[in-house]
Amino acid sequence: MAVKKCAEQLKDKILSYASEMLDGKSKEELDIENNFVIEKDTKKPLLDMETLATTAFYSLEHSKHITAEVTNQCKDNSFSSGCCFVEVEVDMPLGLVTVKNILNVHDSGILINPKLATAQVHGGMSMGLGYGLSEELLYSENGKPYNGNLLDYKIPTAMDTPDLNVRFIQLEDPTGPYGNKSLGEPPTIPVAPAIRNAILHATGVAMNENPMTAQKLIEAFKREHLI
């Protein structure tokens with residue numbers, strides 16, 4: 001519904017501007033078809049969209065940004081869902097966790113742009129790896145950050161990141177536009193818990209704080225008399 005309202009609003013603005021460019025034609029007499037503003041009754045092309053857009057943007061007499069915006073508060077659509085699977089290798093004396101394999105699976109409804117959706121999940125997985133293993137902003141007692149730079153604040157690099165595997169389960173959501181659901185933050189959320197559980201399965205040690213740095217892991221292994 002929101003997409004339809006936005007399209008209608010944009011069409012109205014385009015035809016209003018076209019009416020100014022086509023002297024003597026009201027917007028009610030006009031329509032849009034095949035990238036042309038046409039005469040509604042005769043279907044005669046009157047103005048191509050490229051010319052209209054260029055004129056609207058660069059006109060010295062009447063420059064105008066032709067845009068449309070709507071807001072929709074959805075109260076009844078389905079939640080998106082997903083999960084993450086991680087395989088790790090743990091060097092216990094060094095407290096070093098190497099993620100060997102990672103797979104993120106998501107149901108975000110029908111994907112409108114599959115490549116962009118995959119890229120979104122890749123970004124979320126990378127953020128989750130940093131959140132789980134290395135990223136921690138440290139402060140002094142008076143609130144001054146100790147590591148407020150990219151040398152000391154440890155984000156994952158290409159050397160720390162395995163191949164990022166993504167799968168989608170496309171279950172149509174009848175309440176969402178084109179059957180889709182959300183795909184913003186969900187890819188970030190399950191990565192750190194999956195790493196935590198993989199470490200637990202590998203070592204028997206449950207880590208309940210992030211990030212699971214080498215120092216914290218070594219302390220936990222020592223407490224359990226594993227090293």
Donor-acceptor pair, distance only, cut-off 3.5 Å: does the side chain of [X] make one with the backbone of [Y]?
X      : Y      : value
Arg196 : Met207 : yes
Thr157 : Met159 : yes
Ser140 : Lys144 : yes
Lys181 : Asp173 : no
Gln170 : Leu111 : yes

| field | Verdict with reasoning, Phe85 to Asn104, per side chain to side chain contact (heavy atoms under 4.5 Å, CB included) | value | CA-CA 7 Å; Phe85 303 90; Asn104 235 335; over 6 Å; no

| Test: Lys25 and Glu39 ion pair at under 4.0 Å |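 The answer is yes: the pair qualifies as a salt bridge.
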
| task | Determine, for Lys216 against Glu209, whether the closest basic-nitrogen to carboxylate-oxygen distance falls under 4.0 angstrom. | result |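 Glu209 and Lys216: salt-bridged.
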
| Any Leu217 side-chain heavy atom under 4.5 Å of Ile199 side chain |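 Yes, their side chains come closer than 4.5 Å.
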
| said: Does any part of the side chain of Lys11, heavy atoms only, come nearer than 4.5 Å to the side chain of Asp31, both counted from C-beta? | reply: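 Sidechains of Lys11 and Asp31: in contact.
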
| field | Nearest-0.5 Å distance, CG of residue Asp152 to CG of residue Leu150 | value |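 Atom-to-atom, Asp152:CG and Leu150:CG are 9.5 Å apart.
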
| task | Check side-chain hydrogen bond (donor to acceptor under 3.5 Å, both in side chains) between Ser80 and all other residues, then give those that pass, not counting sequence neighbours. | result |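 Listed in chain order: Ser182.
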
Is there a path of hydrophobic side-chain contacts, each under 4.5 Å between heavy atoms, that joins [X] and [Y]?
X      : Y      : result
Tyr131 : Val88  : no
Leu47  : Phe36  : no
Ile110 : Leu183 : no

